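Everything on this sheet refers to the single structure shown next.
Predicted model, so just to flag it, every value in this text is computed and none were measured.
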Amino acid sequence: MRAIPVENEQAGPNERGGAEDPLFAGLNPQQREAAEYRGESLLIVAGAGSGKTSVLTRRIAGLLRSGEAWPSQILAITFTNKAAAEMRERVEALVGQAAEGMWISTFHSACVRILRREAENFGYLKSFTIYDSGDQRALIKRIIKQLEADTLGFTVSSVSGKISNLKNELADVDSYARTANMDDPNEVMFIEIFRRYTATLSAANAFDFDDLIAQTVYLFRAFPHVAALYQRRFRHVLVDEYQDTNHAQYALVRELTRPVEPDEVLRLEEQGQHVERLRDVNGAIPGASLTVVGDSDQSIYAFRGADIRNIIEFERDFPRSKVILLEQNYRSTQTILDAANAVISNNFDRPEKKLWTAVGAGEKILGYTGYSAHDEAQFVADEIAKLREDGMAYKDIAVFYRTNAQTRALEEILIRSAVPYRVLGGTKFYERAEIKDVLGYLLAVANPFDELALRRIMNAPKRGIGPATETALASHAEREQTSLRQALRDARQLGLGPKVTTAIEGLAELLDEAAVLAGTAALEPGREATASAAPPAPVAQVLQLLLDRSGYLEILRNSRDPQDEARAENVEELLSVTKEFQRNNPDGTLVDFLTEVALVAAADELDDTSGTVSLMTLHTAKGLEYEAVFLTGVEEDLLPHRMSAGEPGGPAEERRLFYVGITRARKKLHLSLAMTRSQYGDTSVAMPSRYLQEIPADLIDWKQSPGMATSRGGTQPRALNARRVGGSTREPDALSPSNRPKREWPNAVTNQVRDNSALELAVGDRIRHSDFGEGRVSGMTGEGAKRVAEVQFDAAGRKKLLVKIAPIEKL
DNA sequence: ACAGCGGCAGCGGGT
DNA sequence: CTGCCGCTGT
């Protein structure tokens, strides 16, 4: 993260004359108005790089300085932990210690805080578990198997997607069942799955990610006196990235900013809450002031329910609202902004907005078309080397891609080229099996009703508790109307083998002992007596006990599987995470630790001092900026992604994703693609993305254009942009027949793709390649258009070539 | 109960 | 190509 000076380092000279308030120094007139405006509701439409965080943080600082608000009356909500951390840091830089009393957090962590405080009001324990998507999948998988729903075509991902969408719309099983068509067996089955899923979660005293928001809304709606506590408390609610809010989040914001009715105000007063200064003439507490910041052009989360209408219809939703547009960009060169504006203007039905900058044109965009993903990656590595020679630091360079699968080729080449890099947001530490196992132990201690956690650790490490034993325990619990945890304690009654019985009892004792140590023993009814009067032990100590006595770590260390060594190191890493947690949070409980782990899963605290190139998906890139950006894989079926084609609004959303990528670059933007791309183990021809055509030709220097790459030397470098389809640069989002990429862009690229289909090749043939020179065919695989030749080149080494399009001839 | 295997489905993004 | 599932043999 960049160092955040108090002055706005991005803004140009102050455009207003006169005595300057240092708090607002350097803000342009629109930014300043947005920071100073006072009213019920404010929408700040903040284009990419327009300094919105500066505005938000100054707005907060202004409220505090003028005495309009106490820190505790401010709630600032972001989507990511990273954004929350940055905002906190920047507010701290302005107001110092006062920042500590503010809630600056993500939607999810704000809701967890509320739910933990209020859990006991609606049938949960405050030690509830948060199920991540992996847990959710595991649970759904079990339910599908129980119900044999796979025979009806149900998959884990279809079910979890549907449940998630419903929760984002604030639907629950019952409300959904009321509207469903019960003549449809698939509907009936889905409802049964959903019902069991909901029941299991609630029996486990657990919430999934979507529940965190939805349940908070239900809580507020069902208990107005609970809602009133928060409506009274938060006088200023600020929401970042408002274009990414889904319906549940929107509803939450509405609930939080609702006025408190006079009778509820009286109730608050009876509880000893201070209300006198907040009451209006009618005795009500007016709704909190709401500030939302967003940019509909950067809405890229429709897949998880984000509803762009929330921002588009803000003025209708909040009738007395004010809208302020920030269009001056302090990040990129005009060339980059021109490209971005040109691309995004192809999305129709968007509020007009054009970014501009005072910094000048800058360098052209550099384009490159590789023969393969590796060739493309080599371009990235080579250009990074050049940027280095020109004095750019690795940390100022980023490489973006659409899908995580694309990292492989990039990583291979970067390693080979000795470029230091790190992958942001990839496979996460907390998703590794051994980490989930160990966390399972902690979860089972923190929440004895968490059946999923218990099942996970039952046989990890192996103690001879197989599926049969697990089923026996579960049915015992069912029969006795008790928990799985209690069933473990009752193992002796089950008539299992002596070895297994001892193992189960050992696990039950270990968990009980750890619960006493952690101070969670009293959670189970009837076991209060075992609770210890001593204060809860630190998390690390509890974990150490669990690891020592379960033998988990020991078994990994003694394993002869070489991978287990790395797993053991990961577990040790987790142990040091718990120690670190305790240092930072001396009073932090086990539940606090587990909450942090669940919500801050990406341990990608970005420290820009690391001196590495950053690799990430386009989604991860939002909100970040780099001196130089490589946007890779700009191909049809990748960007726009194949799966977006059938979705309403899909291609438009993919275009916004491309736009987000372009606008991350400060000085130098690179666009690259490959002519062939491998997936599922085989290689196919890739077409240049339709979005490339939307960038004016004179903004891009093609080091190798798609045209050049297909017919060496024959075409003009800018053939790609040379011919435009007459008049129509706008395309409807639906994939109408007249609108398929190939038809719409009958340009040089698609027409010039080489076709060697007829070329006969066999092992042993000598060939000449226009780049790699002469070589001998050492292997042939694949059929028809996917025929691949493996060639041992005399000078260039061994390569795999897609025969159909490779620039080769037989000798 | 469990290791080892072969067959098959999946790579769309994140709290 | 990879990871997961179910089958088989011990």
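Counting non-hydrogen atoms under 4.0 angstrom, A:Asn459 reaches the backbone sugars and phosphates but no base. In this structure, A:Arg642 reaches neither bases nor backbone, as no heavy-atom distance under 4.0 Å exists between it and the strands shown. Here A:His108 lies in heavy-atom contact (under 4.0 Å) with a base. No contact: A:Lys499 has no heavy atom under 4.0 Å from any strand. Residue contacts shown for A:Gln249 are absent, as no nucleic acid heavy atom lies under 4.0 Å away. Residue contacts for A:Tyr301: at a heavy-atom cut-off of 4.0 Å it reaches the sugar-phosphate backbone alone, with no base atom in range.
In this structure, A:Tyr691 and A:Phe658 have parallel ring planes: the angle between them is below the 30° cut-off, well short of the 60° mark.
Taking 4.5 Å as the limit, every side-chain heavy atom of A:Val293 sits out of range of all side-chain heavy atoms of A:Leu238. Proximity of A:Ile465 to A:Ile504: side-chain heavy atoms (C-beta onward) are separated by under 4.5 Å at one or more points.
For the pair A:Thr620 and B:dG13, the criterion of a side-chain N or O lying under 4.0 Å from OP1 or OP2 is not met. At least one side-chain nitrogen or oxygen of A:Lys145 sits closer than 4.0 Å to the OP1 or OP2 atom of C:dG6. In this structure, A:Thr80 does not reach the B:dG14 phosphate: none of its side-chain N or O atoms is under 4.0 Å from OP1 or OP2. Remark: A:Thr469 is in phosphate contact with B:dA1, judged by side-chain N or O atoms under 4.0 Å from OP1 or OP2.
Pairing partner, B:dA1: C:dT10, with both Watson-Crick or wobble hydrogen-bond distances short of 3.5 Å. B:dG10 is paired with C:dC1 under the criterion used here, namely a Watson-Crick or G-U wobble arrangement in which both key atom distances are under 3.5 Å.
The A:Thr106 side chain lies nearest to B:dT15 when the options are B:dA1, B:dG14, B:dT15. With B:dC2, B:dG12, C:dC5 as the choices, the nucleotide that has an atom nearest any side-chain atom of A:His641 turns out to be B:dG12. Taking every side-chain heavy atom of A:Asn404 into account, B:dG13 is the closest of B:dA1, B:dG13, C:dC1. Considering only the side chain of A:Ala468, B:dA1 comes nearest among B:dA1, B:dG14, B:dT15. Residue A:Glu654 has its side chain nearest to B:dG12 when only B:dG12, B:dA3, C:dC1 are considered. Nearest nucleotide to the A:Thr403 side chain, out of B:dT15, B:dA1, B:dG12: B:dG12.
For the residue pair A:Arg254 / A:Tyr250, a side-chain donor-acceptor distance below 3.5 Å is found, with atom types taken as modelled. With hydrogens and angles left out, the side-chain atoms of A:Arg116 and A:Thr595 include a donor and acceptor closer than 3.5 Å.
Evaluation of atom-type donor-acceptor distances gives no pair under 3.5 Å for the side chain of A:Glu653 against the base of B:dG12.
The gap from the P atom of C:dC4 to that of B:dG13 amounts to 16 Å, rounded to the nearest Å.
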